[in-house]
Student: 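Got a structure for you, written out below as structure tokens; questions coming shortly.
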Amino acid sequence: MTTQMTETPTRPIPRVAKELLASSGFLLARLGFGFKGRALAKLEQAGFDPYDYSVLAILGEGARKTQAMIAKALALDPSRLVALLDSLEERGLVERQRDPDDRRRHVVTITGDGKRQLSRLRGMIKELEEEFFAPLDADTRKVFHELLMQLAAHNDPHCAFGSKTPA
């Protein structure tokens with residue numbers, strides 16, 4: 001008895017409409033969703049909420065921040081931020097204290113363990129960026145980033161750093 005091998009017909013890969021591919025906004029959104037999905041998976045695998053990284057990055061810049069400042073910078077509901085800070089504080093990554101200038105506010109700082117975790121998270125995201133942007137050489141990546149910063153500064157005041165891009 002001989003067995004016949006039947007070939008599975010190859011199907012063409014479904015393509016996005018040319019009209020959509022001609023739209024820079026569509027491509028930016030599609031790629032953004034793709035990168036976000038990969039980043040969320042990496043962060044969750046490491047036991048972090050995506051906002052954990054954002055909070056630690058803000059605090060990692062060195063200045064003590066009030067809860068209200070962090071919530072505003074992340075466009076995050078203050079009650080959601082409280083839950084995030086509770087989790088980060090329980091893990092010893094941040095500390096909250098009453099603001100000596102205004103006892104109604106809490107000031108948040110990053111701990112030594114928080115700095116170490118931030119460094120780990122930065123490495124994970126940097127690795128993901130290296131994979132994601134692999135088709136672009138270093139000069140092209142730099143120009144692309146500068147263009148993104150211009151768009152971000154124009155469309156999102158939280159990303160505006162004046163005429164200079166942050167290092």
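Along the sequence shown, residues carry numbers from 1.
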Student: Between Val108 and Leu59, is any pair of side-chain heavy atoms under 4.5 Å apart?
Tutor: yes
Student: Just to verify, which of Leu118, Val55, Leu93 counts as forming a side-chain contact (heavy atoms from CB on, under 4.5 Å) with Ile110?
Tutor: Leu118
Student: Pairs in or reaching into residues 21-36: which pass side chain to side chain donor-acceptor pair (under 3.5 Å), with residues at least two apart or in two chains?
Tutor: none
Student: Testing Gln67, Arg104, Arg105 one by one against Asp99 for a side-chain hydrogen bond (donor to acceptor under 3.5 Å, both in side chains), which residue passes?
Tutor: Arg105
Student: What residues, two or more places apart in sequence or in another chain, satisfy side chain to side chain contact (heavy atoms under 4.5 Å, CB included) together with Glu61?
Tutor: none
Student: Do you know which two heavy atoms are closest between Leu40 and Pro50, and how far apart they sit?
Tutor: CD2-CG, 2.8 Å
Student: Under the side chain to side chain donor-acceptor pair (under 3.5 Å) rule, collect the residues that match up with Asn155, sequence neighbours excluded.
Tutor: none
Student: So which pairs with a foot in residues 118-136 pass side chain to side chain donor-acceptor pair (under 3.5 Å), sequence neighbours left out?
Tutor: Lys42-Glu127, Gln117-Arg120, Glu130-Arg141
Student: Taking only residues two or more places apart in sequence or in another chain, which ones pass side chain to side chain contact (heavy atoms under 4.5 Å, CB included) with Ile13?
Tutor: Arg15
Student: When rounded to the nearest 0.5 angstrom, what is the spacing between CD in Glu95 and OG1 in Thr111?
Tutor: 6.5 Å
Student: Distance-only check: which donor-acceptor pairs under 3.5 Å involve side-chain atoms of residues 75-90, not counting sequence neighbours?
Tutor:
| from | atom 1 | to | atom 2 | distance (Å) |
| --- | --- | --- | --- | --- |
| Asp77 | OD2 | Ser79 | N | 2.9 |
| Asp77 | OD2 | Ser79 | OG | 2.3 |
| Arg80 | NH2 | Asp49 | OD2 | 2.9 |
| Asp86 | OD1 | Arg96 | NH1 | 3.4 |
| Asp86 | OD1 | Arg96 | NH2 | 2.3 |
| Ser87 | OG | Arg91 | NH2 | 3.3 |
| Glu89 | OE1 | Arg96 | NE | 3.2 |
| Glu89 | OE1 | Arg96 | NH2 | 2.8 |
| Glu89 | OE2 | Arg96 | N | 3.3 |

Student: Do you know the tightest heavy-atom contact between Ile125 and Ala39?
Tutor: CD1-CB, 4.1 Å
Student: Among all residues two or more places apart in sequence or in another chain, which pass the salt bridge (Lys or Arg N to Asp or Glu O under 4.0 Å) test with Arg103?
Tutor: none
Student: Can you give me the closest heavy-atom contact between Leu74 and Ser54, atom names plus distance?
Tutor: CD2-CB, 3.6 Å
Student: Kindly write out the residues that satisfy side chain to side chain contact (heavy atoms under 4.5 Å, CB included) with His154, not counting sequence neighbours, or none if the list is empty.
Tutor: none
Student: Apart from Met69 itself, what residues make up its hydrophobic cluster when side-chain heavy atoms of I, L, V, M, F, W and Y under 4.5 Å apart count as a link, directly or indirectly?
Tutor: none
Student: Tell me the closest heavy-atom pair linking Ala46 and Met124, and the distance in Å.
Tutor: CB-CE, 3.7 Å
Student: Check the pair Phe35, Leu31 against side-chain contact (heavy atoms from CB on, under 4.5 Å), reporting the backbone distance first and the verdict last.
Tutor: CA-CA 6 Å; Phe35 185 84; Leu31 291 171; over 6 Å; no
Student: Flag the pair His106 / Gln97 as yes when at least one side-chain heavy-atom distance between them is below 4.5 Å, and no otherwise.
Tutor: no
Student: Return the minimal non-hydrogen interatomic distance between Ala73 and Ile58, and the atom names on each side.
Tutor: CB-CD1, 4.0 Å
Student: My understanding is that a hydrophobic cluster links ILVMFWY residues whose side chain heavy atoms are under 4.5 Å apart, including indirect links. Using that, what else belongs to the cluster containing Phe26?
Tutor: Val16, Leu20, Leu21, Leu27
Student: Going by the ring pair (Phe, Tyr, Trp, His ring centres under 6.0 Å) test, which pairs reach into residues 37-88, not counting sequence neighbours?
Tutor: none
Student: Could I get the full list of side chain to side chain contact (heavy atoms under 4.5 Å, CB included) partners for Asp137, not counting sequence neighbours?
Tutor: Asp139, Thr140
Student: Do the side chains of Leu136 and Phe132 join up, straight or via other hydrophobic residues, at under 4.5 Å, putting them in one cluster?
Tutor: yes
